[in-house]
Structures are given as C-alpha cells and as structure tokens.
Amino acid sequence: MSQDALLKISNIDAFYGTFQALWDVSLVVKHGEIVALIGSNASGKSTLINTISGVIHPAKGTIEFDGRDISALDPFQIVTLGISQVPEGRRIFPEMTILDNLMLGSYNRQARANREQNLKKVYEHFPLLEERTKQLAKTLSGGEQQMLVIGRGLMSDPKLMLFDEISLGLAPKVTDELYKAVREIRAKGITILLVEQNVRRSIKEADRAYIIKAGRIVLGKNVSELQEEEIKQAYFGV
Amino acid sequence: MTVEVLAGLSRPIIMGVLLGGLYALIALGLSIVFGVMKLINVAHGDLMIFGAYFAYALMTTWGIDPILSLTMGIPLWFGLGFAIQKYVMSRAFGISMEAPLIIAFGISLILQSLTQIIWSPYSRGLEAPYALGGISLGITSVPKTYLLSFIAALVVMLVLREFLRRSYLGKAIVAASQDKRGAELVGINTGRVYAFAFAIAMATAAIAGVFFGLTFPFTPTSGVGFLVIAFGVIIIGGLGSMLGTFIGGIVLGLTQTLSGYFLGAAAQMLFVYLIVFVVLAVRPQGMFGR
C-alpha cells in the first residue's frame, strides 16, 4: 500500500501560534485516488491542507511527497514539486485579468514551459474562462471565481491537487458543475485530496475518506464501508 | 483683461504640472512599497536625499555628471533596497506590523545623521551645464531642471507601469500585493518578490534624488518634508497605481502653484494639505485607487 503512496503524512503535530491544531496526524493518498477529509468546523481540515502546502510547518512528524520529505519546504517550493492547493476563500487576484490569474498559476519554471498546453486544458474544463480572458477576476460570480482558481491550480502542472471547501456558499447546480470538473481532472491522472463541509458530497465523490475530529484522525476507510453512525460520531461526538 | 488673466495663469499651471512631475517621481517608490508590502517607508525621503548626496560626492570628487552618475546610483540603490528588505525588513515583518515601521524610522535617522557628518548641515546642490537657466515653452519660460524632472518622472512611471503589467516578475509583484497567500500558493516566492519591490522602489529613489538635487538645494533633513509631500501624492492618486501616483503628483503640484498664485506663497501648502484632507474624506482610496 505505501508503495504507491503519492502523499504520506506520518505523525504530524501542527500549531496555530500557541494553539495545537493537529495531533499526531497520519494519512496516505495513493496515486490516482480521490480522498476526502471529513470533519466539523475547526477540526483541523484546513490546517492539514495548509501544512501539506507548506504554509504551516509541522512541529513534529514528516510529510513525504513522491518519496521526498517536504515538511520543511516553503509553499513556492512545494508548488514546483507538483502539489497545487485550491484554497478556501478562493484567493484570486481580483484586480488582474482572468488570463493573468491563469498565467500566474504557471509561475514556476517547469510549469512555464507547458503553459500554452495547460491553458488549453483549463479552457476544456471551463470554456467560460476562455470567453472572458480580458475581464477582471473580481467581476466573476462566486462559482466562476472558483472555476478560475481550479484552473489556476491546474496551470502549475500538479500531480496532487488539494481542494479546500470549493462548494462553500455556492448553489447546488454550480457545485455539481465544479465536481464534474474535479472528476475530469482525476480522469486525467491527477490525484486529489479534498475538504468538503458537505459530507454527502464527500462520500459521493471520494474513493476513501478520513474523519478528523479535534485535530486527530479518528478513522480512515473506503467510503463504501463508511457507516453513518461513524460520521455522526465524528460530528456530534460522544 | 481675460487674455491677461489667462496669460498670467499659464505660468503657475505649467510650473505646477512640471513640479508635480518631480513630486510624482519621489512618490513612485513610496507607492510601490506601500502597495506591495503595506509599509509606509518613512525612510523613503531620506534614501532619496542620500541618493542626491551620492551624486553630489561623485560630482565634486570626480566631476561626474549627476544624471550620468545614475549608472552607478541606480544599481547601488537597487542592491541596497534588496538587501534592506531581504536581511532586515523581512525579519521585522515576522515580528509585527509596527516593527518594520520602526526600522524604517531608524534608517531615516541614521541617514540624516550620516549625511550631516559627511557633508555638514549646510545646503548643497547638483549642477549640470545643460540644466542651467530656463527654456521657453511658448507662453512662458520654465527652469530646465523642472522640465528634465518632469520628463524623468514620465519615463520612470511608464517603465514601471509596463514592467508591472507585462513581465512575469512584475505580475508576481502585483499578485502578491493583491493576495499574498494566493501568490504563495501559485508558487511565487513572496520573500523574493518583496525584495525586488523594495529594490525597484529604491532605484526610483536614486533617480528622484538626482533630479531633486538638480532642481532644489538640499540639506540632510530635506527628505522629511518631501516624504510628507510624497505621501500626499499617493493619497490623492491612490496607492499602488503608477499612473494614479503620476497624476496625483500633478494635482498636488498644480494646487501648490495655483494657490500660491492666487493667495500668496504663505497659503500654498495649506491648500495642498486641504486637498489631501478632502480626498481622504471623500475618496479614501484615492482618485485611481480601488
């Protein structure tokens, strides 16, 4: 199993200032999988995503990507290695055009070489973006901005994409569209780790799920084996 | 009568526009640093004056032309800015929002003392044979230094604007100013981008210093007053916009010369600050701010 692990997190602790947000977290994402991270608000989901991206460095434990320890690397180095985060709250560049937002996705040198090719792929996923390349990003609707950020993430030529709450505040129809793109992205061989506050959606889209509660992984299994009781316990606890 | 009034007005208007160019040239670097790092670099005026003294030293020691001396001044100030951000400011940013401000204040005091020790508190000036005297602009004659400063400001503004819009590094600087975390997550090394932004701002300070020194006499503390003016320029023009800063400079220059013309020299700065106050009250993001 660990042989084809793309991402392997072993026993990490992470802090927000003095607050410990992650406790001895271990998790594996294998090549080609969609793995969901389920948990209530403030359970540590986003912290874990940000620790993988290098925004936060783990105080203890290791994060291996493609067999290489990345736990001490900074975000820009981690992007270059092939991990791309689609952050919560989108974090577009509002005063720049859609095309510039996308181009900045391929800022790292490796991705820059495949820029035009990746741009074409992004437009295949989201034809709407191609029609509006000159428009400022802030003029897009919430769902369109989310498409832009996913597209921007794709521009960095990732092997692993981290999706943090991409459906937050969006209509079900828009969410469907976004997850259709997520499935297409996986079909192209990109591995996915996603955080989603909608548990039903997570279970529908993912192959496996980890349940995180108060900063600890309490369960990890195939979604088909996941019992409703286990999820309820993670959210409402005993 | 009206013709005479208009003819009389043409001089303060032309002088105001040209003077505004110099103000904009000083403000461009302040605008970049604030736009990207949200730091009010209170040492900007002193770094500019230090640039004037550097050109003065080259001029008096080896007879090097002040504008020509920028071939040394620009790379030196660029490197100085890069080093200040990379080795000093970046650490201060990690401590608190106030720490870099206090460091900038420290740099300001050090430069003022240093220039005073080396060159005395007496006023100095830069000279170039081609910048002496006036030049006729049809209706009125203006000092050549004013015209040179305006042209320099226009060139620097346009170069910066195109750099920020078209180059990868320029776009990365703009992206980091709009969403730092977002920039990091697309693979931009924001620490490096900040260092480049500070370096570019310092390079413009070197240029501003030379044109300022050609236009006005300067003392070790001249930077303080012009920091305030430059701050007014970016408040009027809007932070982070190069074109906005340029136009902000012209608005400020015009306000100064026109209120001087109508109300006398004593009142001219009063109106400048009044305009800054009105902009802050009515449109705090500035004329071109977002």
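Lettering follows sequence order; numbering is per chain, from 1. Values reported hereafter were calculated over all heavy atoms of this structure, with side chains retained and with hydrogens, waters and symmetry mates removed.
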Does the A:Q20 side chain pair with the main chain of A:L22, one donor and one acceptor, at a distance under 3.5 Å?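 Yes, because the side chain of A:Q20 sits within donor-acceptor range (under 3.5 Å) of the backbone of A:L22.
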Check whether any side-chain N or O of A:H57 sits under 3.5 Å from a backbone N or O of A:S71 as a donor-acceptor pair, and report yes or no.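 The answer is yes, because a donor-acceptor pair under 3.5 Å joins these two groups.
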Can you tell me if A:N118 and A:D157 form a side-chain donor-acceptor pair at under 3.5 Å?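 There is such a pair between these side chains.
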Side chains of A:E64 and A:S10, donor plus acceptor under 3.5 Å: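 No, A:S10 and A:E64 have no side-chain donor paired with an acceptor closer than 3.5 Å.
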Top contributor to chain B contacts, counting heavy-atom pairs under 4.5 Å, from [options]:
| options | result |
| --- | --- |
| A:S53, A:P94, A:P87 | A:P94 |
| A:M103, A:R90, A:Q77 | A:M103 |
| A:D100, A:V149, A:N108 | A:D100 |

Looking at A:E124 and A:K120, is there a salt bridge between them, counting it only when a charged N and a carboxylate O are closer than 4.0 Å?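 Looking at A:E124 together with A:K120, the answer is no, because their closest N to O distance does not fall below 4.0 Å.
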Interchain contact, A:I92 with chain B, by part (heavy-atom threshold 4.5 Å):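 Contact with chain B: backbone only.
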Between A:N101 and chain B, which part of the residue has a heavy atom less than 4.5 Å away: side chain, backbone, both or neither?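 Contact with chain B: none, neither part.
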